[in-house]
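Working notes for the structure below.
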Protein chains: 2
Amino acid sequence: MKVTIADIARKAGVSKMTVSRVINKTGSVAIETKENIERIIREMDYHPDHIARSLSSKSTRTIGIVIPKKEKIFMDNYIAHVLSGVSEVLKNEDYRIMLFPVDVTNEFEVSGIAQGNMVDGLIILKISKNDNYMQKLSDGKLPTIRINNRDDGEQVSFIDSENIKGARLAMEYLYQKGHRKIGFICGRLDETNGEDRFTGYRESLTNLGLEYNENWVIQGDFDKELAYRNIEKLLALKDKPTAIFSSDDYMALGAIEKIQEMGYKVPDDFAVVGFDDIDVASLLKPALTTVQQPMHDLGAEAAQILLDIIRGKTEAPVKKFLDVKLIIRETT
Amino acid sequence: MKVTIADIARKAGVSKMTVSRVINKTGSVAIETKENIERIIREMDYHPDHIARSLSSKSTRTIGIVIPKKEKIFMDNYIAHVLSGVSEVLKNEDYRIMLFPVDVTNEFEVSGIAQGNMVDGLIILKISKNDNYMQKLSDGKLPTIRINNRDDGEQVSFIDSENIKGARLAMEYLYQKGHRKIGFICGRLDETNGEDRFTGYRESLTNLGLEYNENWVIQGDFDKELAYRNIEKLLALKDKPTAIFSSDDYMALGAIEKIQEMGYKVPDDFAVVGFDDIDVASLLKPALTTVQQPMHDLGAEAAQILLDIIRGKTEAPVKKFLDVKLIIRETT
DNA sequence: TTGGACTATGTTATCGGTAACATATAATCC
DNA sequence: GGATTATATGTTACCGATAACATAGTCCAA
């Protein structure tokens, strides 16, 4: 049988409560009592039952990370960096991470996460606030923070990158390099980072006095394969752009692949700028010029903010933007 | 207030037990009663409290994934693929994933995972069975499976790749390409995949009638940076190998980086073969020749076996090996 | 028609902790 | 010195579900 707090209490000749106090360092306990209990705990190799404790205290000391349920989601370097940031913050806090790959079209699944009492808070990644039922996650009393999906309503906390500025940096750099015809690979417009980067692209065109050509904008939905396929028609145009700004690195990779397959050279025929600065960006030949967003810090700060909200140190909603910067490499 | 099973029972005019039966589809309930309860559940948007359920039923429907607690752990493509396989199996099973980045030197932390009742089973990744306290994880009654770390004792389940065969494939191919001086970048020898690949290397040398040269074997500990640093002395040798087999892809990447920095060419001056077939392997120029191990399937099968053990369908320990194959690209 | 089997439901105890409140003794204060 | 406060500990109830056992009614076969 598993050792319980009652076993410890019996052996120590005290009540369960006193043992509980020693374990949680709450209330006051005589020093000898405390040391005796601690010794017995060690001897019997007692570990508190996390579930019982959660039920009773109404705190699971677990935070949930909600990501889209799709095949290659864990291979996404952006998510890896965010996770890394989250876990760095949590590792000193005795909080655990529970993963929720979620099917946004399944109302029951979504509500279950929000109401199952499995976690004390949620970090939501790569999911549009417009997705069916997804607002259910932020609806209730469960503390929630979104990453890279602004919410202009008043209720929901988020942490975001300065996506518009990032797009501007990329565009201004391309302009400065002499490019006047700049295409764009568009991410999901129902996620605000996709939307904002597109906005940044269009605003920059205006500010730089460049024309907006519908044919130079292709949809990639933050999906490498889709970008790979869709860029073909852009490359077939008679009047092609000389540079392409992509709303994320994966799509840039897909585009470059197609460009090279069709016999063009990067950066000679097409300069390419990505967004994110995923790990492979620097490994590739040519190495990818990209707008670096602080993926690790987005995760770390999201976790910290979420913990502060859970603990009542901070009042939700928190809204925060982190800076981005242009990393110039070989594709421009 | 949160809606509880008691609220549903009251509204439906039945006992909690009847509601519980409807939710869990256990026992028998009259069809009208059942439909009435289901309607009320929907109307009140009731979702069972996962924690209470776990405490009472002694099953959390959660499996834990134990990984080393280090900075770039989530960027490890091997882990990403394994996670992906695990989550694919779990997504249809109403099981959740809890992550345990664990400090193997912290006895308390390790025991807490094994005994905290947070999970129904554990998948252990990239952690040596010899690491301090790690045997505690497999000690108790908690179902456990290791990936890529054989355990020759009788107790512990594992799923492994045919590492020795993989090494042999790499070596024979290099031999066939004309290489007679083959160096080796060694992974952690306290993990059995590191050990086995080294064994495969040495056995192949013998079988192919090649000499074993201590200077041609460098330690990389499955760490790209370490391989990058340590290969320098091999490259400085007067009598250098013409090919290098690396115990994993990341170390191969580190090695190639250094090789190129020192002005040598891959594959002209040094052929390189890796192990794993991580995603970047095919993206790089030159693309990496490597032994592909079924990382995704390792995760998926581990999860399936673990579920079977948890459910009593299978008796532990299960011991299984998956096949590997050589993927020939441009570094050889 | 009587007992066994099955169906439908309820009752009670329990899972392993913590919250909230109560109590007793010791220490402090005016 | 009596009231007040702090320290140390215990009691009881409860968190929200399920397990195990109990019960009442129905149906059918012997």
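This one's a predicted model, so the numbers in the text were calculated from it and none came from an experiment. Numbers restart at 1 for each chain; the letters A, B, ... are given by sequence-line order, proteins then strands.
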Quiz item: Can a side chain N or O of T18(B) be found less than 4.0 Å away from OP1 or OP2 on dA8(C)?
Solution: no
Quiz item: Taking atom P of dG16(C) as reference, at what distance in whole Å does atom CE of M118(B) sit?
Solution: 15 Å
Which side-chain N or O atoms in residues 83-92 of chain A pair as donor and acceptor under 3.5 Å with protein atoms at least two apart or in another chain?
residue : atom : partner : partner atom : Å
S84(A)  : OG   : E71(B)  : O            : 3.3
S87(A)  : OG   : S84(A)  : O            : 3.4
E88(A)  : OE1  : H296(A) : NE2          : 3.0

Quiz prompt | Salt bridge E195(A)-R188(A), side-chain N to carboxylate O under 4.0 Å | solution = no
Quiz prompt | Whole angstrom value for the distance that separates P of dA8(D) from CD1 of I31(A) | solution = 9 Å
Quiz item: With a 4.0 Å cut-off, would you call D94(B) and R61(B) a salt bridge?
Solution: yes
Exercise. Could you check how far CZ of R10(A) sits from C1' of dG16(C), rounded to whole Å?
Key: 12 Å
Quiz item: To the nearest 10 degrees, what angle separates the axes at the start and end of the helix from dT1(C)-dA30(D) to dC30(C)-dG1(D), five pairs each?
Solution: 40°
Quiz item: In chain order, what residues pass the side-chain contact (heavy atoms from CB on, under 4.5 Å) check against D49(B), with sequence neighbours excluded?
Solution: N117(A), K2(B), I51(B), A52(B)
Practice problem: Using ring-ring contact (aromatic ring centres under 6.0 Å, His included) as the criterion, list what pairs up with F158(B), not counting sequence neighbours. | Solution: F321(B)
Quiz item: Given the rule in the salt bridge (Lys or Arg N to Asp or Glu O under 4.0 Å) test, do K126(A) and D76(A) qualify, once you have shown the distances and angles that lead to the verdict?
Solution: CA-CA 11 Å; K126(A) 284 217 158 200; D76(A) 186 322; 2.8 Å; yes
Self-check item: Sugar-phosphate, base or nothing in reach of T33(B), heavy atoms under 4.0 Å
Solution: sugar-phosphate
In residues 35-42 of chain A, what donor-acceptor pairs under 3.5 Å come from side-chain atoms, sequence neighbours left out?
residue : atom : partner : partner atom : Å
N36(A)  : OD1  : R39(A)  : NH2          : 2.4
R39(A)  : NH1  : E43(A)  : OE2          : 2.8

Quiz item: Nucleotide by nucleotide, 5' to 3', does protein get under 4.0 Å of the base (B), only the sugar-phosphate (S), or neither (-) in nucleotides 15-20 of chain D, counting heavy atoms?
Solution: BBBBBB
Quiz item: Can you tell which of T60(B), I309(B), T62(B) makes a side-chain contact (heavy atoms from CB on, under 4.5 Å) with D120(B)?
Solution: T60(B)
Practice problem: Tell me what S28(B) touches on the nucleic acid: a base, only sugar-phosphate, or nothing, going by heavy atoms under 4.0 Å. | Solution: base
